[in-house]
Amino acid sequence: IWAGEDEHYATYSLSKAAREEIIKFARGERPYSRPTSSKLTSNRALLRPYQLEAVTSWQTNGRKGILEMATGTGKTKTALACIESILADSESSWLVIVACPFQHLVDQWADELELMEIETVRAHGDSSKWRPHASRMINRLLDGGQSAGFLVTTYATLGSDHLQFAVEPIADKVMFIADECHYLGAK
């Protein structure tokens, strides 16, 4: 975003004086702790009460459901807490597939996961670019060398033979998240 490479955002340079004023405010203590590991262990502690309620409802419903929350209320962070709960309760390795209707949402999800130092494969477009990475990650999951892996994809790629074939070996250990699920159709 900040390099001006995303057509969905405009970036503007700040004057030196404005930047210095902002930095004065940024030097204080954060009211929360930042994630420090590749595990999702700190996410739940950052949730608001309504997000915790959503996670509890999801768990009570057999770990199934739709997070129906307004824009900006933290659906992604709530979904990450749901993922955390599955990983914490399991001895098995899991592949988490996050599907989005648009590529810029794939990039937002992947950026968030990568900030948490979680291995993430962006699976969209030319399959020759992402399939080798996805296959290596899935093999590590199957061998027990990795507890979780994330594959973030578009809805179009999700239905492709390439992706279906790639995830078939671990299909019984997949957690599926559909971002903006109202865009999903049925065939």
TODO: Give a yes or no on this: more than 12 heavy atoms of other residues, nucleotides or ligands lie within 6.0 Å of atom CG of D161.
DONE: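 At most 12 heavy atoms, drawn from other residues, nucleotides or ligands, come within 6.0 Å of this atom.
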- [ ] Please round to the nearest 0.5 Å and tell me the distance separating atom CD1 of I86 and atom NZ of K173.
- [x]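 Those atoms lie 9.0 Å apart.
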Open item on the list: Rounded to the nearest 0.5 Å, what separates atom SG in C82 from atom CZ in R63?
Closed with: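 Rounded to the nearest 0.5 Å, the SG-CZ separation comes to 9.0 Å.
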Open item on the list: Whether K75 and E180 form a salt bridge (side-chain N of Lys/Arg under 4.0 Å from carboxylate O of Asp/Glu) is what I want to check.
Closed with: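 Salt bridge between E180 and K75, a charged N being under 4.0 Å from a carboxylate O: no.
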TODO: Go through the side-chain N and O atoms of T154 and T157 and say whether any donor and acceptor fall under 3.5 Å apart.
DONE: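 Yes, a side-chain donor-acceptor pair sits under 3.5 Å.
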Is it the case that one hydrophobic cluster holds both [X] and [Y], taking links as side-chain heavy atoms less than 4.5 Å apart, direct or via other members?
| X | Y | value |
| --- | --- | --- |
| L87 | L113 | yes |
| F150 | W94 | yes |
| M175 | I66 | no |

- [ ] Kindly give the cluster partners of V167, where membership spreads through any ILVMFWY side chain lying under 4.5 Å from a current member.
- [x]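 Result for V167 is L95, I97, V121, W130, M137, I138, L141, L142, L151, L158, L163, I170, V174, F176.
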With a 4.5 Å cut-off on side-chain heavy atoms, are [Y] and [X] touching?
| X | Y | result |
| --- | --- | --- |
| H124 | C100 | no |
| R131 | F165 | yes |
| E119 | R140 | yes |
| R122 | E114 | yes |
| Q51 | M69 | yes |
| I83 | I177 | yes |
| S57 | N61 | no |

Open item on the list: Between S127 and H162 (side chain of the first, backbone of the second, donor and acceptor by atom type, cut-off under 3.5 Å), is there such a pair?
Closed with: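 Flag not set: sc S127 to bb H162 has no pair under 3.5 Å.
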Open item on the list: Please check: side-chain N/O of S93 versus main-chain N/O of A148, any donor-acceptor pairing under 3.5 Å?
Closed with: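 Absent.
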Open item on the list: Run the salt bridge (charged side-chain N to carboxylate O under 4.0 Å, His left out) test against R136 and tell me which residues pass, sequence neighbours left out.
Closed with: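 In terms of salt bridge (charged side-chain N to carboxylate O under 4.0 Å, His left out), with neighbours along the sequence ignored, R136 is linked to no residue.
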Open item on the list: Is the distance from the ring center of Y183 to that of F102 below 6.0 Å?
Closed with: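 Yes, the ring of Y183 comes within the 6.0 Å limit of the ring of F102, centre to centre.
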